[in-house]
Colleague: 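Structure in structure tokens, see below.
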Amino acid sequence: MKNSEIADVFDQLADVLEFKGEMVFKVNSYRKAARTLRDTSEDIAVVAAENRLANLPGIGKSTAEKIQEYLKTGKIKKYEEERKGLSDELISMLQIPGMGPKSLALIHSRLKIDTFAALEDAIHSGRLAELPGMGEKKGENILKGIQLLREASKRIPLGVALPIAEQVLDEVRKFKSVRRAELAGSLRRMRETIGDIDILASASDHKKAIEAFAALPQVKRVLAAGTTKASVIVQGNQQIDLRVVDEECFGAALQYFTGSKEHNIKLRDIAKGLGLKINEYGVFRGDKKVGGKEEKEIYEAIGLQWMPPEIREDRGEIEAAKEGSLPALVTSKQIKGDLHVHSNFSDGRATLEQLAEQAEALGYKYIAVTDHSQSLKIARGLTPERVEQKGKEIQKINSKLKSLKLLLGTELDILGDGGLDYPDKLLEKFDWVVASIHSGFKQPREKITRRITSAMENPFVDCIAHPTGRLIGQRSPYEVDVEELLAVAAKTGTAIEINANYDRLDLDDIWCKRAKELGVKLAIGTDAHHLDHMNMIRLGVAVARRGWLEATDILNTLPLKKLRQKR
DNA sequence: GCCGTTTTCGGCCCGACTGTTTTCAGTCG
Ligand SMILES: Nc1nc2c(ncn2[C@H]2C[C@H](O)[C@@H](COP(=O)(O)OP(=O)(O)OP(=O)(O)O)O2)c(=O)[nH]1
Ligand SMILES: [Mg+2]
Ligand SMILES: [Mg+2]
Ligand SMILES: [Zn+2]
């Protein structure tokens with residue numbers, strides 16, 4: 001699938017055009033097109049073949065032609081032409097924090113600078129400071145920016161960022177000057193990766209709050225600090241932004257700071273059409289403030305229902321809010337069990353008893369203990385004899401449990417040739433079977449897709465675990481045709497997993513939305529190998545919510561009796 | 001470049017912080 005590949009080209013084209021001083025709206029339209037491509041689950045080649053490209057938001061005649069061109073030739077002539085004579089290194093200097101297209105263009109044209117080395121040289125020799133609008137400080141800041149860029153941590157997984165953020169949030173809440181504080185930005189929206197940590201606070205004394213924030217012990221550098229906001233870098237080279245407002249603006253500010261940017265822009269545009277203005281301080285008609293204490297007031301002022309942060313991505317939620325057709329998103333409370341955990345029968349650390357205890361603490365009615373199957377020897381996959389033994393132990397434990405049941409499960413290996421790792425005779429003994437791939441990740445699209453769909457056709461397979469195999473920031477998905485997987489799942493009634501491990505989150509939010517459209521049921525599993533991992537269920541729920549899923553789309557919301565009837 | 005019950009032309013979100021500025025442009029959120 002070339003969706004994200006083409007998106008990258010449009011983003012690159014936007015950078016080049018912006019560097020060359022192209023109209024900012026034109027540049028933005030390429031960025032919008034890039035975002036639409038990334039947000040589209042359907043294979044863009046299929047959309048193109050059916051001449052539906054221009055139906056996509058932000059893609060018109062010209063961009064559609066460029067997509068067609070790329071699909072045919074692997075290139076976009078416009079991009080190749082525009083970048084002629086500009087090195088990749090030059091354009092990449094736009095990544096330096098504080099270095100925008102205007103500065104870079106000036107530096108490039110006046111000082112003939114093409115490389116980081118030459119740029120640093122020009123700053124040290126004082127040549128940069130002589131340019132109009134430049135000075136000593138600008139040079140110093142660029143040097144610091146280069147340093148920051150070199151050290152910068154990439155986007156970090158949600159599950160890693162959350163505990164760090166929650167700790168900082170606690171500290172901010174302890175500031176004397178602070179009344180309320182909440183996480184905002186991509187964290188509040190529970191995006192799968194986080195660029196920075198955004199925190200909103202209301203304070204009696206803004207200045208005091210900002211000072212206390214900048215003085216936190218973990219702060220390594222203060223990037224900027226004014227009267228309403230500050231940005232700092234903490235240990236681990238993570239950026240934290242704090243925004244401070246008055247209590248009566250908290251709702252408006254939370255709406256603003258939660259984003260997404262694209263969601264905000266659309267809201268503000270609608271407000272404008274109604275003769276209103278939305279900013280982080282409230283909703284205004286002329287000079288008169290007509291709302292802003294509560295987040296809800298912002299939405300209602302422009303005729304929309306309030307909506308949960310997870311769906312604020314400009315993926316149709318604003319239109320749905322207008323029609324009053326927002327989904328009732330699944331909640332953590334509705335989750336009655338975890339459908340993918342490992343015990344020490346295979347490669348998990350916890351005993352069955354410990355798992356049961358943790359499950360009860362989480363208020364569950366059931367957990368599926370899905371240990372690996374026999375071929376997966378490195379993970380101590382279970383022989384049929386061990387399966388029988390495990391089944392007996394589960395029975396024994398279940399007889400002592402009151403509200404919880406352990407389900408005899410397996411994570412059944414789908415072998416390289418598409419065969420399954422246990423015979424049907426054994427499979428029928430399990431309460432819950434998740435099937436997944438642990439080898440042959442590099443197989444071509446058709447082969448690996450067929451491997452998984454043939455597993456789905458086995459009536460004893462309840463669910464396909466981590467269906468794309470991606471590891472966020474580490475490993476690309478298999479070449480698998482997810483659209484085809486979902487189509488087959490809809491037919492066979494097999495569930496697809498939302499693996500809640502923070503490195504996986506697989507299926508992702510965008511595919512979840514597509515799965516719902518096709519009537520496919522999802523099952524959330526933490527894939528826990530330690531007791532602690534079972535808490536990651538909240539990440540799985542977050543993915544489901546970001547994918548617009550409701551309780552009826554998620555098998556984990558079913559009581560045990562209903563879940564069994566599914567089989 | 002995209003888009004449209006106000007428009008097929010003329011808009012395209014709105015504000016904070018910094019540095020170099022004597023009134024604002026650039027960058028970022
Ligand atoms: N209205 C408006 N709001 C913006 C703009 N840029 C950012 N915001 C708001 C919405 C964002 O969610 C919020 C925080 O900005 P960030 O740059 O940290 O983005 P966000 O947290 O969404 O993603 P991230 O994971 O940090 O890359 O500020 C903008 O250009 N206009
Ligand atoms: Mg952020
Ligand atoms: Mg931020
Ligand atoms: Zn597993």
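Chain identifiers are assigned alphabetically (A, B, ...) following the order of the sequence lines, protein sequences preceding nucleic acid strands; residue numbering begins at 1 within each chain.
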Colleague: Output the single nucleotide from B:dC17, B:dT27, B:dG1 whose closest atom is nearest the side chain of A:S62.
Modeller: B:dG1
Colleague: Need to verify one output field. Residue with the more 5' nearest nucleotide on DNA chain B, A:P132 or A:T227?
Modeller: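 The residue whose closest nucleotide sits nearer the 5' end is A:T227.
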Colleague: When you look at NZ of A:K208, are more than 12 heavy atoms from neighbouring residues, nucleotides or ligands closer to it than 6.0 Å?
Modeller: no
Colleague: Give a yes or no on whether a salt bridge exists between A:E69 and A:K66, defined as a side-chain N under 4.0 angstrom from a carboxylate O.
Modeller: no
Colleague: When you measure only distances, ignoring hydrogens and angles, does the side chain of A:Y281 come within 3.5 Å of the base of B:dG15 through a donor and an acceptor?
Modeller: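 Under the 3.5 Å cut-off, the side chain and the base do not form any donor-acceptor pair.
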Colleague: Regarding A:R221 and A:E151, does a basic nitrogen lie under 4.0 Å from an acidic carboxylate oxygen?
Modeller: no
Colleague: Look at the side chain of A:K66 and decide which nucleotide, out of B:dC13, B:dG26, B:dG1, has an atom nearest to it.
Modeller: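 Among the listed nucleotides, the one closest to the side chain of A:K66 is B:dG1.
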Colleague: Can you tell me if A:Q239 touches the phosphate of B:dC28, counting only side-chain N or O atoms and a distance under 4.0 Å to OP1 or OP2?
Modeller: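 Looking at the OP1 and OP2 atoms of B:dC28, neither is under 4.0 Å from any side-chain N or O of A:Q239.
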Colleague: Just how far, in rounded Å, is P of B:dG1 from CD of A:E65?
Modeller: 10 Å
Colleague: If the cut-off is 4.0 Å, is A:N264 near the phosphate of B:dC13, judged by side-chain N/O to OP1 or OP2?
Modeller: no
Colleague: Please determine if A:K296 forms a cation-pi arrangement with A:W306, meaning its NZ or CZ atom is less than 6.0 Å from the six-membered ring centre and no more than 45° off the ring axis.
Modeller: no
Colleague: Roughly, in whole Å, what's the span from CD1 in A:I199 to P in B:dG29?
Modeller: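 Rounded to the whole Å, the gap is 15 Å.
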Colleague: Salt-bridge test for A:E297 and A:K293: reply yes if a basic N is under 4.0 Å from a carboxylate O, no otherwise.
Modeller: no
Colleague: Considering Watson-Crick and G-U wobble pairs with both distances under 3.5 Å, what does B:dT8 pair with?
Modeller: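 Answer to the pairing question: none, since B:dT8 forms no Watson-Crick or G-U pair.
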Colleague: Counting heavy atoms from C-beta on, name the nucleotide in B:dT20, B:dG15, B:dT18 closest to the side chain of A:K137.
Modeller: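 Looking only at heavy atoms from C-beta outward on A:K137, the closest nucleotide is B:dT20.
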Colleague: Tell me the interatomic distance from A:R268, atom CZ, to B:dC12, atom C1', rounded to whole angstroms.
Modeller: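 In whole Å, B:dC12 C1' lies 14 Å from A:R268 CZ.
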Colleague: Any side-chain N or O of A:T63 less than 4.0 Å from the OP1 or OP2 oxygen of B:dG1?
Modeller: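 No.
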Colleague: Look at the side-chain N and O atoms of A:K26 and state whether any lies under 4.0 Å from the OP1 or OP2 oxygen of B:dC12.
Modeller: no
Colleague: Is A:T228 close enough to B:dG15 that one of its side-chain N or O atoms is under 4.0 Å from OP1 or OP2 there?
Modeller: no
Colleague: Give a yes/no on whether any side-chain N or O of A:N141 is located under 4.0 angstrom from OP1 or OP2 of B:dG19.
Modeller: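 Yes, A:N141 has a side-chain N/O under 4.0 Å of OP1/OP2 on B:dG19.
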Colleague: In whole angstrom, give me the gap between the C1' atoms of B:dC12 and B:dT8.
Modeller: 16 Å
Colleague: Select one nucleotide: of B:dG29, B:dA16, B:dT18, the one nearest the side-chain heavy atoms of A:R243.
Modeller: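 Shortest atom-to-atom distance from the side chain points to B:dA16.
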Colleague: Closer than 4.0 Å, any side-chain N/O of A:K261 to the OP1 or OP2 of B:dC28?
Modeller: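 Answer is no, no contact under 4.0 Å.
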Colleague: Whole angstroms only, please: what is the CZ-C1' distance between A:F257 and B:dG15?
Modeller: 13 Å
Colleague: Counting side-chain heavy atoms from CB outward, which of B:dG26, B:dG29, B:dT20 is closest to A:K138?
Modeller: B:dT20
Colleague: Side-chain N or O of A:S103 less than 4.0 angstrom from OP1 or OP2 on B:dT27?
Modeller: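 It does, given that an N or O in the side chain of A:S103 lies less than 4.0 Å from OP1 or OP2 of B:dT27.
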Colleague: Using whole Å, report how far NZ of A:K272 lies from P of B:dT6.
Modeller: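 It works out to 17 Å between those atoms.
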Colleague: When the distance from CG of A:L104 to C1' of B:dT27 is rounded to whole Å, what number comes out?
Modeller: 13 Å
